[in-house]
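Every chain is numbered from 1 and lettered A, B, ... according to where its sequence line falls, protein lines coming before strand lines. Note that the coordinates shown come from a computational prediction; the quantities given were computed from them, not determined experimentally. Below, all heavy atoms of this structure are taken into account, side chains as well, without hydrogens, waters or symmetry copies.
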Amino acid sequence: MKKLIVIDGNSLIYRAFFALPLLQTEGGRYTNGVYGFTTMLLKMLEDEKPDYMLVAFDKGKKNFRHDTYKEYKGHRPSTPDELREQFKTVKEMLELMNIKFYEAENYEADDIIGTVCEQAKGQKLKTTVVTGDKDILQLVDESVEVMLTRKGITNTERYDVEKFKEVYGINPAQFIDIKGLMGDSSDNIPGVPGVGEKTALKFIKKYKDIEGVYENVEECGGPKMREKLKANKDIAFISKDLATIFKEVPIDFKFEDLNIGIFDVKLKDMFMDLEFNSLLPKLNIETPQQQLKELEIKGNTNAKDLQNKKVAFWWTDSTIYVCDGKLVYKLEDEKQMNQFLCDESIDKICYDKKSVLHKASDIGCQPKELKFCSVIAAYLLKPEQKEYTMEFLSTNYIGNTAVCDEFPQNYSYALYNIAQNLKKELEEKKLWKLYLELELPLTEVLYTMERNGVNIDREHLTELKDEFSKRLADLEEKIYSYTDEKFNINSPKQLGKILFEELNLPVIKKTKTGYSTDVSVLEKLRTEHPIIEHLLQYRMVAKIKSTYLEGMEGLIGKNDGKIHTHFNQTITATGRLSSTEPNLQNIPIRVEEGRKVRKIFVPHQKDNILVSLDYSQIELRIMAHMSQDSVMIDGFKKEQDIHTRTAAEVYGVDLEEVTYEQRRNAKAVNFGIVYGISDYGLSQNLGISRKQAKEYIDRYFERYVGVKSFIEETVEKAKEKGYVTTLFNRRRYIPEINSRSFHRRSFAERTAVNTPIQGTAADIIKKAMVDIHKANLACDMLLQVHDDLVFEIDKSKADQVIPQIRTLMEGTIKLDVALTVDVNKGNNWYNME
DNA sequence: AGCGTCACG
DNA sequence: ACGTACGTGACGCTC
């Protein structure tokens, strides 16, 4: 029989407060109530080893009993300040212990306890109520016992039905009749004057209940007593009502939520803060491995055994380990694994949902109710983290480093507990909605895109490769014609030696290790020597050939001739996706030669076309919305070219008069604004002096005062809170925002400005992807390139589907400036118009 | 493994 | 005096 412990929080804290000396920490916090409560709770966990636990608290001073009798508990002195502050501490501690607590408006802790005991009966649980309040004794029955604290805190007396009868000589249910007659001075329940415990017990033993007493009132006691009973009949019944625990408090909970989990690591810190040094050794936060020694592992489990459970699972090559928080089950048969994954009655927590979906697909199954993905949850909490290994998750969310490959079953158990803590923290930080409505559904979209893949025109790839190989050989020859001997052009070290030592060209920039030979340097040397032009060409051609042609070729699927990139959802600190093996988010487009690579990406069926829909100026639109800058909003409302408008503002000319040069500069400033502008950065980008760059920026801020104050406020808020957020509440911590190092602090400030913008843009397109996926349109989503979605669509359906996609993309969120989407289509990713 | 370089948004 | 524009990934070289 499973065991439930219900604790009367108010009662225990009060009792501890008055029983113990007024303990104080060095910092002046009062801790005696917390200390006594904690000691008791730890003792209960240790001695009773319950399966479930719950703590009930009173809420507010008033409850429904005041409606019938407004003097109820009227004589109670108000809670001392030294005690009041301790309730909050206890609740914080319970959070870290993963122990649920409840309070309900208009009810007392007793009523919650009564309600829980009642519901526990339906679950066939053995319940122990821990309290210092004798009123609770009325709940004692075959399945409920009460631990009553006596003097002190941990000194208790256990009341089951037998014990109760022995002490009082009546049934526990009759306790309220006793109370009705004798009243309770501490609760200010009046009762019948002149009737004490002895008399009350005598009457109730004889007549069963108050009703019985009044039916036979003429036989009771002497004439004086009869007089009092008759005169106070109403009071007696009201008193009984007041003493009766209400068992139908509307609280929402499931017993599985009350599972005893693992203490949060932070509990140790809390104990140290509270100076509970004597309790620290008791805290012995057990590792999953230690606990697993006692855990039964059921091999060759049938998936049916797991129905209706909430579980976490860990999938190794040939085995799925499933844990329901108590037991670990082992699924070794592929058919059983399949059934388990597809069973809609099983709530599943996994480590990495997207890889589970892929693995499941390999055994021909579409998992259901994969409700929790630990890596995604951890990513939203710490997006700047590089990896979310099990080691990371267990040290950070259950305070344990002992999970290891040697015992894969431990992973399922650890995961079960990790997930509870991740969820809790997501809720605390208001990230749950983002998680549940955006990131988790997006995982399925990304899985589908990865499975779809992009078809490749192999023949054309070969042609391009030949062409670029020939060009590379020509360039190589030309480069060597200027040097004494051949060298490795791809080696920056060797090239630096040739340029700056053999050809004696001026050194523009240095790297940590030697001369810099990057594009910006070569561009400045262009007029100095004819070799430079060829080097620039060589670099470009070599890049295209190695990265985009040869690199791509090796990743074409043998069976389907397609490329299946991996969209990683947990890499970027801002919320963007990333793409690897291959990276399809950086296929060349800006320079014609590179752009040709896009010709190899083609539809996989001849009646299909590729369609790309991209958000126009999404980041600047978000900046306009967030900053509420009137000039920027005006530009977008009038559908003006944003860079031209900026140039007109900054140079003080009409829109029509803006020159190409002015627009180019304005565009660079606009980009800079989104990046968290600096004069140095702008000067590098435009190839101008820092002084000049600073003048541009100053002029910009004169015209765009809303943007200026938005940037200042954003930095200010980051300094205050330590993090920044997007419109969808995605969060990124900026720890260095208060650094004493100018360099680190400046970097942090730019990050603080850029992240809400870039992150909101990421939120928006992610939402669009989820919406499009849900709409089940006649299209295959293939790629996402930050502000761009690429689809494959049947030619004959394109005119119908494209507007549907566009409407969804433009409608993801209502900003103060409209979101607009441009459409391009073609028979490959190059020919798009 | 870390660096330099360069492709994209 | 400081010395970078924001966010990524892949390649080749060097150690």
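Proximity note for A/Thr511 (side chain, C-beta onward) versus C/dC11, B/dG4, C/dA5: the nearest is B/dG4. Ranking B/dT5, B/dG4, C/dG7 by closeness to the A/Thr751 side chain, first place goes to C/dG7. For A/Tyr680, counting side-chain heavy atoms from C-beta on, the closest listed nucleotide (C/dT4, B/dT5, B/dC6) is C/dT4. Closest to the side chain of A/Asn586, from the set B/dC8, C/dC13, B/dG4, is B/dC8. When the nucleotides C/dT14, C/dG7, B/dC8 are ranked by their closest atom to the side chain of A/Thr574, C/dG7 comes out on top. Nearest nucleotide to the A/Thr572 side chain, out of C/dA5, C/dG7, B/dT5: C/dG7. Checking B/dC3, C/dC13, B/dG9 against the side-chain heavy atoms of A/Tyr675 singles out B/dG9 as nearest. Ranking C/dT14, B/dC8, C/dA5 by closeness to the A/Arg598 side chain, first place goes to B/dC8. Side-chain proximity of A/His743 to the nucleotides C/dC11, C/dT14, C/dT4 is greatest for C/dT4.
For the pair A/Arg471 and A/Tyr538, the cation-pi test (distance below 6.0 Å, angle within 45°) is failed. For the pair A/Arg731 and A/Tyr723, the cation-pi test (distance below 6.0 Å, angle within 45°) is passed. Relative to the ring axis of A/Tyr830, A/Lys599 places its NZ or CZ within 45° and under 6.0 Å from the centre.
At the heavy-atom level, A/Ile757 lies nowhere under 4.0 Å from the strands shown. Contact annotation for A/Arg539: backbone-only contact, meaning every heavy-atom pair under 4.0 Å involves sugar-phosphate atoms and none involves a base. If you check every strand for non-hydrogen atoms under 4.0 Å, A/Val674 touches nothing. The residue A/Gln758 sits close to a base: some heavy atom pair falls under 4.0 Å. Within 4.0 Å of A/Gln494, counting heavy atoms only, lie sugar-phosphate atoms of the nucleic acid but no base atom. When heavy atoms are screened at a 4.0 angstrom cut-off, A/Gly672 is found touching base atoms of the nucleic acid. Contact annotation for A/Ser741: no contact, since no heavy-atom pair falls under 4.0 Å across all strands. Residue contacts shown for A/Ile587 are limited to sugar-phosphate atoms, with no base heavy atom under 4.0 Å away. A/Ala761 comes within 4.0 angstrom of nothing in the nucleic acid, heavy atoms only.
Of the charged side-chain nitrogens involved, none lies within less than 4.0 Å of a carboxylate oxygen, so that A/Lys717 and A/Glu713 do not count as a salt-bridged pair.
Between A/Arg690 and A/His786, the residue whose closest nucleotide on DNA chain C is further toward the 5' end is A/Arg690.
Counting atom types as modelled, A/Ser746 pairs no side-chain N or O with a base atom of C/dT4 as donor and acceptor under 3.5 Å. Not a single donor-acceptor pair, N or O on each side, falls under 3.5 Å between the base of B/dC8 and the side chain of A/Gln585. The base of B/dC6 is paired with the side chain of A/Lys543 by a donor and an acceptor separated by under 3.5 Å.
We find that CG of A/Asn754 is positioned 6 Å from P of C/dG7, with the value rounded to whole Å. Rounded to an integer number of Å, the gap from CZ of A/Phe742 to P of C/dG3 is 10 Å. We find that CG of A/Asp679 is positioned 13 Å from P of C/dT4, with the value rounded to whole Å. Between the CZ atom of A/Phe747 and the C1' atom of C/dC6 there is a distance of 8 Å, given to the nearest Å. Atom CD1 of A/Ile688 and atom P of C/dA5 are 15 Å apart (whole Å). Following rounding to the nearest Å, A/Asn568 (CG) and C/dA10 (C1') show an atom-to-atom distance of 15 Å. Atom CD of A/Glu550 and atom C1' of C/dG12 are 12 Å apart (whole Å). Rounded to an integer number of Å, the gap from A/Asp518 CG to C/dA5 P is 10 Å.
Side-chain N/O atoms of A/Arg732 include one lying less than 4.0 angstrom from OP1 or OP2 on C/dG7. When the side-chain nitrogen and oxygen atoms of A/Arg750 are compared with OP1 and OP2 of C/dC6, one or more of them lie within a distance under 4.0 Å.
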